[in-house]
Amino acid sequence: MIKIRKLNKFFYHPATLHALKSIDLDVHKGETVVIIGPSGSGKSTLLRCVNRLEYAEGGDIFIEDKNALDPKCDINAIRAEVGMVFQSFNLFPHLSVLENVTLAQLAVRHRKKTEAERRAMALLESVGIAEKHSASPDQLSGGQQQRVAIARALAMDPKVMLFDEPTSALDPEMVGEVLDAMRKLAKGGMTMLVVTHEMGFAREVADRVIFMDNGVIIEDSSPGELFSNPRHERTKAFLDQIL
Amino acid sequence: MRYTGLDKPKTKGYTYFWRFVFAITVAAVLVFLWYATTKVEYIWQWGRVPQYFWIVDERDLNSEFDGQVLAVDASKIVIRDEYNAEHDIALPKDANVLLDAGSTVYYGDALARYEYRAPGILLEGLWITLQVSFLAIIIGIAVGILFGLARVSENPAPRWWAIIYVELIRGTPLMVQIFIWYFVVGVLVDELLAQAGLPRIPALWYGVIALAIFTGAYVAEIVRAGIQSVHRGQTEAARSLGMTYGQCMRKVVLPQALRRIMPPLAGQFISLIKDSSLLGVMAIRELTKATREAVTSSVQPLELWFTCALLYLVLTFTLSIFVQYLERRAVRR
Ligand SMILES: Nc1ncnc2c1ncn2[C@@H]1O[C@H](COP(=O)(O)OP(=O)(O)O)[C@@H](O)[C@H]1O
Ligand SMILES: [Mg+2]
């Protein structure tokens, strides 16, 4: 589903930084892959390269069979197939919850309004927030907003979902409701690439866990193995620090 | 300002004392004005101001022929002239006919007397100011949004044009720009139009364009700041859903930006209404020029200039109330 080959990403401001160093990664259909690693290790950058919110100068990223780094590709068509959920929700504050979920369906998928609204209501229902459909985003709690953001991404019927620390900006009591929605999604067979610090979620839901440090994938194994029996010193040090 | 608790609490006496000081200073200014006018023996005649708003005049309708009145009715007088041609002369409403059928008339004789009513010079000036400001605001918004978008574009051609435009307009006095529009651009364009056999463009339009282009530069900067104030995450969320740059601008960024820039825009348009007073130099008789003409023909400069200022205040105040209403509606949605 996602095939990343020799991906290199540099930042030139404020100083030259080799943020991703020759990353190779495959995410297969229906798989949930969790990325963990210390802050600044390039997890977000890797995710953002996949739907080209950051442009990587070197390497290839295939989404199904389309290369997102090919300058000639239709990046908007690729992005429509790749949902993304941000740490800071990024709901559109000038639109209602329902309009947040229908906007791109109308603009990108060219669905009819009634059809888009039906799809939106079904998704809001499935993340348990349908009764707030006419509220404004700033009337919702963080957990509710993040669930709307998940519904908004799912409304495009994406083939892959990217999550960049979806629970890091939430008060502790709201983390569960968002993780529940993600768990449900993974069980339903969605292909997911998730950056998170929720080790419980990783252990339970992930098919594979990846440990990144300093722009390099250090370890890529099953959650059971990585958590109980890490092969690398740095993985072990990181896990000792957070657990 | 309400008491914030940052400083020592104020006593009741403090508030009353300074309110009193305020009232005294206001009164002092008014008294000085009154005293100064009595010293120069100025005679206040507010009663003479309304005629500059609305003219009511007794006027005569004069004959343009030598001849004989054949018939008179409520709407017209029929005259046969010395060459035996008959003329119907339409009467204004409620005219007082002074001649009967059969009388002889000579050129210049009063046929009827009527009340002449028309808008006065101040009302006409106010109307011109309103028209010019309204048109300039509409065009200024369009120009401003266009160049604001150009300013944040990745394409260097529109971006550099926007930078040059904004710098040129902001770096030169409006008065000079008005002269350039009227005496340079206007002359060139009129010459080209004349060569093409087309009619001239009225001065009013050069005034509108001068103000619109001037305001557009400031609006462009306000729009740019508004766009840049919308959090980057909004663009990223929209684009990550597959929306194009244009869709993202139209449906996500601009609606949020425009809402945020309402107050500075209102300030800009209030400036525009006031700046329209400079258009007098290109023979547009807007409110200020109208007042100046009224002052020369009367000798009531104080009443007329105060009236003029009050009219501008009414315009600007109405606009700011309207914008506040729009803002409140935007917030409520
Ligand atoms: N837009 C950017 N410009 C410059 N440096 C950046 C930018 N985004 C991220 N970085 C740098 O790249 C490195 C990886 O960042 P990031 O991917 O956000 O890490 P993580 O998500 O793992 O915490 C960090 O050192 C960060 O400072
Ligand atoms: Mg991050």
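Chain naming here is simple, since letters A, B, ... match the order of the sequence lines and numbering starts at 1 in each.
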Within 6.0 angstrom of [X] [atom1], more than 12 heavy atoms from elsewhere:
X        : atom1 : value
A:Tyr55  : OH    : yes
A:Glu131 : CD    : yes
A:Phe11  : CZ    : yes
A:Tyr12  : OH    : yes
B:Phe317 : CZ    : no
B:Lys10  : NZ    : yes
A:Lys132 : NZ    : no

**side chain to side chain contact (heavy atoms under 4.5 Å, CB included) evaluation trace for A:Phe89 with A:Leu170** = CA-CA 10 Å; A:Phe89 327 137; A:Leu170 296 179; 3.6 Å; yes
**Request:** Determine which pairs satisfy side-chain hydrogen bond (donor to acceptor under 3.5 Å, both in side chains) with at least one residue from residues 214-234 of chain B, sequence neighbours left out, and list them in order.
**Result:**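 Residue pairs passing side-chain hydrogen bond (donor to acceptor under 3.5 Å, both in side chains), neighbours aside: B:Glu221-B:Arg224, B:Arg224-B:Gln228, B:Ser229-B:Arg260, B:Arg232-B:Glu236, B:Gln234-B:Gln256.
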**Prompt:** So B:Tyr182 and B:Tyr206, would you call those rings parallel, tilted or perpendicular, with 30° and 60° as cut-offs?
**Reply:**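 Because their plane-to-plane angle is over 60°, the rings of B:Tyr182 and B:Tyr206 count as perpendicular.
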Tell me yes or no: between the side chains of [X] and [Y], is some donor less than 3.5 Å from an acceptor?
X        : Y        : answer
A:Glu54  : A:Thr45  : no
A:Asn51  : B:Ser240 : no
B:Asn155 : B:Ser153 : no

Chain B contact residues among [range], heavy-atom distance under 4.5 Å:
range                       : result
residues 76-88 of chain A   : A:Asn76, A:Arg79, A:Ala80, A:Val82, A:Met84, A:Phe86
residues 140-157 of chain A : A:Arg152, A:Ala153, A:Met156
residues 107-115 of chain A : A:Ala107, A:Val108

**Message:** Shorter than 4.5 Å, heavy atoms on both sides: which option in B:Thr244, B:Val252, B:Thr235 has the most such pairs with chain A?
**Reply:**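 When all of B:Thr244, B:Val252, B:Thr235 are compared, B:Val252 has the most.
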